[in-house]
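A short worksheet on the structure shown next.
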Amino acid sequence: SVIYGQGTALTVDDTGALYWTAHFNGRFAWANQPDTFQAHWVYRDVLIQKISPDGALRWQHRATGPYDNACTALAYQGGLLCAAGQFKGRLDWAGWRFQNAYQQHYASYVLALDPETGSARWGRQSRAIANNGVVGLALSQGGVALCGTFQDSLDWRGVLHHAQAGAEAYRLQLDRRGQVLSMVTGRGPGFDLAQATTWTDDGACWTVGTFQDSLEWADSLLLTGPGFSSAYLWRQPPTPKKIKAPPAPFTLVDFELIPSPNTDSMYIVLQAEQRLKYWQLYNTQGRLVQQGRSGTIPISSLKKGTYSLRIESRAGMGIKKLVVP
């Protein structure tokens, strides 16, 4: 009853449960299960299943759309299950919808699924005016990496990448919440492919593939090959973590308050090298009543009482009590 069916990818979780996916035309039934799925006799739907270590079906989801769809890669790591592949026009999978305006060409997608239920957590997709696809997928504690090929142009994160000729390679990195971290392309005058990718424990990312004539990865690494096609292996080192500068040590500075003999003002007196930045005057309720940058504090408009004066200087902060008689 199945016109065409093909298993395409599988992965195993920490408990030994198996996840596998296939695409099919016509009808699809599995291991005498009562559910039978019906797809178009020409266009393909995608099916994903979770199988327990003893062979029992835990859950299954069917991904549907009006045109051809495929899942080419599955990966599990640390409680996250990801699926990636291609679709035309529209793809509805586990409550998530992917949509591409160019229905005659393939767009790429990656979908994060809950391993317990198969429901969608998040999804990301490419936008392009010519075919593109996902070939390799890898997970780590640091994120999600996928690689593939594109023709003409490719947009995964709001930046359009143009091809030089034939097919070009790309590699995309996301964090475990689906936010794009980086995208790099491998371009050359011939047919270029990125066919698998993986992470190392230190956060480096490896990619393997083939190219014709020459290949420039990430606008910096140039590879050349004398034959019709050559294999390559590329390692991108881990992104250096930003080191936060330690906070400046807190310094409490001393200063003097001197009344003006001719005006109702007070003068802030600091040592010359400390240099005043600003001052703030608060009442007993903690409300800011005055502030300034000069060393003069007018007190004629203040009510009688006790105030707290806070100053900020190049050397640190200072606090004094100010009494208005």
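Computed from a predicted structure; not experimentally measured.
The aromatic rings of Phe87 and Phe98 sit tilted, their planes meeting at an angle between 30° and 60°. Using cut-offs of 30° and 60° on the angle between ring planes, the pair Trp234 and Trp217 is parallel.
Taken from CG in Leu270 to CZ in Arg275, the straight-line distance is 12.0 Å, to the nearest 0.5 Å. If you take CG on Leu215 and OG1 on Thr185, they are separated by 9.0 Å, rounding to the nearest 0.5 Å. Interatomic distance, CD of Gln141 versus CG of Leu80, reported as 9.5 Å (0.5 Å rounding). Met266 CE to Glu256 CD: the interatomic distance, rounded to the nearest 0.5 Å, is 10.0 Å. Taking CD of Gln274 as the reference point, atom CD1 of Ile268 lies at 12.0 Å (rounded to 0.5 Å). Distance check: Ile311 CD1 to Leu281 CG gives 12.5 Å after rounding to the nearest 0.5 Å.
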From CA spacing to verdict: side chain to side chain contact (heavy atoms under 4.5 Å, CB included), Asp68, Arg44: CA-CA 5 Å; Asp68 273 338; Arg44 301 174 301 185; 3.6 Å; yes
Residue pair Phe255, Leu309: steps toward the side chain to side chain contact (heavy atoms under 4.5 Å, CB included) verdict: CA-CA 11 Å; Phe255 63 97; Leu309 175 65; 3.8 Å; yes
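In this structure, Thr197 and Cys205 approach most closely via the heavy-atom pair OG1-SG, 3.4 Å. Here the closest non-hydrogen pair linking Ser214 and Pro189 is OG-CD, 3.3 Å. In terms of heavy-atom proximity, Tyr170 sits nearest to Ala194 at O-CB, 3.8 Å. Closest non-hydrogen pair, Gly118 versus Ala94, comes out as O-CB, 3.4 Å. The shortest heavy-atom contact between Pro325 and Lys304 is O-CG, 3.3 Å. The two atoms that bring Gln49 and Gln60 nearest to each other are NE2-OE1, 2.6 Å, heavy atoms only.
A heavy-atom distance below 4.5 Å is not found between the side chains of Gln125 and Leu91. Ser230 places none of its side-chain heavy atoms less than 4.5 Å from the side chain of Leu223. Trp93 places a side-chain heavy atom less than 4.5 Å from the side chain of Val46. Side chains of Leu193 and Val135 form no contact here, defined as non-hydrogen atoms less than 4.5 Å apart. Looking at Leu146 and Trp156, their side chains come closer than 4.5 Å, going by heavy atoms from C-beta outward. Put simply, the side chain of Asp192 does not reach to within 4.5 Å of the side chain of Thr210, judged on heavy atoms. Side-chain contact between Trp59 and Ile48 is present, with at least one heavy-atom pair separated by less than 4.5 Å. Side-chain contact between Val180 and Leu172 is present, with heavy atoms from C-beta onward closer than 4.5 Å.
Side chain of Asn132 to backbone of Tyr106: a donor-acceptor contact under 3.5 angstrom is found. Side chain of Gln173 to main chain of Met183: no donor-acceptor pair is present (N/O by atom type, distance under 3.5 Å, no hydrogens or angles). Listed for the Trp122 side chain is a donor-acceptor partner under 3.5 Å among the backbone atoms of Arg176. Judged by distance alone, the side chain of Gln212 and the main-chain N or O of Phe191 form a donor-acceptor pair under 3.5 Å. The backbone N or O of Leu174 sits nowhere less than 3.5 Å from a side-chain atom of Arg124 that would complete a donor-acceptor pair. The closest donor-acceptor contact from the side chain of Asp175 to the backbone of Gly143 lies at 3.5 Å or more, if one exists at all. The closest donor-acceptor contact from the side chain of Ser229 to the backbone of Phe211 lies at 3.5 Å or more, if one exists at all. At least one donor-acceptor pair closer than 3.5 Å links the side chain of Thr8 to the backbone N or O of Thr21. Side-chain atoms of Gln86 come within 3.5 Å of backbone atoms of Val134 as a donor-acceptor pair (strictly under, hydrogens ignored). The backbone N or O of Ser294 sits less than 3.5 Å from a side-chain atom of Trp279, completing a donor-acceptor pair.
Note on Tyr307: it does not cluster hydrophobically with Ile319, by side-chain heavy-atom contacts below 4.5 Å among ILVMFWY residues. Follow the hydrophobic side-chain contacts under 4.5 Å out from Leu18 and you never reach Leu139; the two are in separate clusters. One hydrophobic cluster, built from ILVMFWY side chains closer than 4.5 Å, cannot hold both Val12 and Leu81; they sit in different ones.
Atom CZ of Arg235 has more than 12 heavy atoms from other residues, nucleotides or ligands within 6.0 Å. Within 6.0 Å of atom CZ in Arg127, 12 or fewer heavy atoms from other residues, nucleotides or ligands are found, so the atom counts as exposed in its surroundings. Atom CG of Asp201 has 12 or fewer heavy atoms from other residues, nucleotides or ligands within 6.0 Å.
For the side chain to side chain contact (heavy atoms under 4.5 Å, CB included) criterion with Leu10, the lone passing option out of Trp20, Tyr76, Tyr19 is Trp20. A salt bridge (Lys or Arg N to Asp or Glu O under 4.0 Å) with Asp114 is found for one member of Arg121, Lys50, Arg58 and no other, namely Arg121.
Counted by atom type alone, Tyr282 and Gln280 present one or more donor-acceptor pairs between their side chains at under 3.5 Å.
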